[in-house]
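Take a look at the structure set out below.
We use all heavy atoms of the structure for the numbers below, so side chains are in, but hydrogens, waters and symmetry mates are not. Residue numbers start from 1 in every chain, and the chains themselves are labelled A, B, ... in the order their sequence lines are given, proteins ahead of strands.
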Protein chains: 2
Amino acid sequence: MDRRQQKTRDAIFKAFSKLIGQKRYANITVQEIIDEANIGRSTFYAHFETKDELLKALCTDIFSHVFSDELMSEKTHDFSGENYVLEAKLTHILHHLKDSEKNIAGILSSESGDLFMKYFKDYLTELFSKNFNEIKVNAPADFVLNHLVGSFAETVKWWVDNSMKYTPEQTARYYIEVSYN
Amino acid sequence: MDRRQQKTRDAIFKAFSKLIGQKRYANITVQEIIDEANIGRSTFYAHFETKDELLKALCTDIFSHVFSDELMSEKTHDFSGENYVLEAKLTHILHHLKDSEKNIAGILSSESGDLFMKYFKDYLTELFSKNFNEIKVNAPADFVLNHLVGSFAETVKWWVDNSMKYTPEQTARYYIEVSYN
DNA sequence: ATCTTAGCGAACAAGGTGTTCAATAATAAA
DNA sequence: TTTATTATTGAACACCTTGTTCGCTAAGAT
């Protein structure tokens, strides 16, 4: 990829990340992104067709780091019945979110999270499907899967909104505790 | 309230509900609402300052029916340890959402749900706080409360997105089963 | 050194926003 | 019924955002 393209793309991502931490996604204009990134109008549209495409690309970029191949590998079934492996993976995700230079916290909170959460949950669904220690519960599998994914996503959002006041280890622990005890 | 005002307000709500079932909230313009409601431009702005204000008003309207005073009354602690009361209340909410003439399903899904969910969770938090049968779990109370609220909200969204394929009774049962077993 | 591609920036039409105002019609109060 | 009040109207307004086009320039690849 041309160095110029990479530079422009980075500038757009950076500007967008900054803005998304300041105001609602819906209220951010392409004009503002252009101004903040200090690029030409036509240049923006040469890279992204719409604002939604930009968000999608940013999410894909972020998640490719957070949900690494190793993390998503299938051979992680846990036969201890204690979910140590899943807990470790969730901890890993939380650490990534915490340490990321990109403004993930900003994206997740500040009411921009609609689309972000959608993409986030897609990855989580894949992860949980593969780490499905059947819970001994009288409910359909699709219900349980959605419950696990949704409640973890909500947990992350809550964790971020509350200044990450618990450590990743604690948060993952509590989640496993509440979900699988 | 003047009959004219009520009529206009209803027309706006109706038009908005219809549109929100057709396209993303973010992409709905005031112009479209005006055209659909068949009212004057200045009339709209006499009623609502922004689109967000309109959504807020609609949500308040809906929730005032769904979360009735009876439902929110405090004296509903359940000492059986089986959460029969909470389950009945959740079932009641699901029935309301299902039968509502207003396009609640449309609002909840179709990616308009960001703000709706926010208001929804406010009410749920109040409800769950009052029906807090301590779960015997090693996690902070604020974590548990958020988990219960968030996972129920996610359950409802999933239920609606999947054509409400389970009955309200089943869905509430599964939720209690997974959360409190 | 030359070919190729990205970025620039100005201009454009189309359409949305939020406000104002005088005229009109519906409603409430006497 | 008459009168006073208030909501709605529709046009006009300046302003902003959008997405596209185009010739020019500059950076990068070969």
Under 4.5 Å between any side-chain heavy atoms of [X] and [Y], yes or no?
X        : Y        : answer
A:Lys89  : A:Met72  : no
A:Tyr174 : B:Asn138 : no
A:Ser17  : A:Leu58  : yes

task: Could you tell me whether the side chains of B:Gln6 and B:Asp2 share a donor-acceptor contact shorter than 3.5 Å?
output: no
- request: Please state whether the rings of B:Phe67 and B:Phe63 are parallel, tilted or perpendicular, taking 30° and 60° as the class boundaries.
  value: perpendicular
Residue met sooner reading DNA chain C from 5', once A:Ala46 and B:Glu49 are mapped to nucleotides: A:Ala46
- prompt: Going 5' to 3' along nucleotides 9-15 of chain C, which nucleotides have protein heavy atoms under 4.0 Å from the base (write B), which only from the sugar-phosphate (write S), and which from neither (write -)?
  reply: B-B----
message: Heavy atoms within less than 4.0 Å of DNA chain D: which residues of residues 2-12 of chain B have one? Give them sorted by number.
response: B:Asp2, B:Arg4, B:Gln5, B:Thr8
Quickly work out the [X] [atom1] to [N] [atom2] distance and round it to whole Å.
X       : N      : atom1 : atom2 : answer
A:Ile34 : D:dT18 : CD1   : P     : 8 Å
A:Asn27 : D:dC16 : CG    : C1'   : 14 Å
A:Asp35 : C:dC8  : CG    : P     : 12 Å

- line: CD1 of A:Ile12 to CD1 of A:Ile39, rounded to nearest 0.5 Å, is 4.0 Å
- request: For C:dA6, take OP1 and OP2 only and decide whether either is under 4.0 Å from a side-chain N or O of A:His47.
  value: no
- prompt: Does B:Tyr45 make a side-chain N or O approach to OP1 or OP2 of C:dG18 shorter than 4.0 Å?
  reply: yes
- prompt: Between A:Phe143 and B:Trp158, is the gap from one ring center to the other below 6.0 Å?
  reply: yes
field: Salt bridge flag under 4.0 Å for residues B:Glu36 and B:Lys14
entry: no
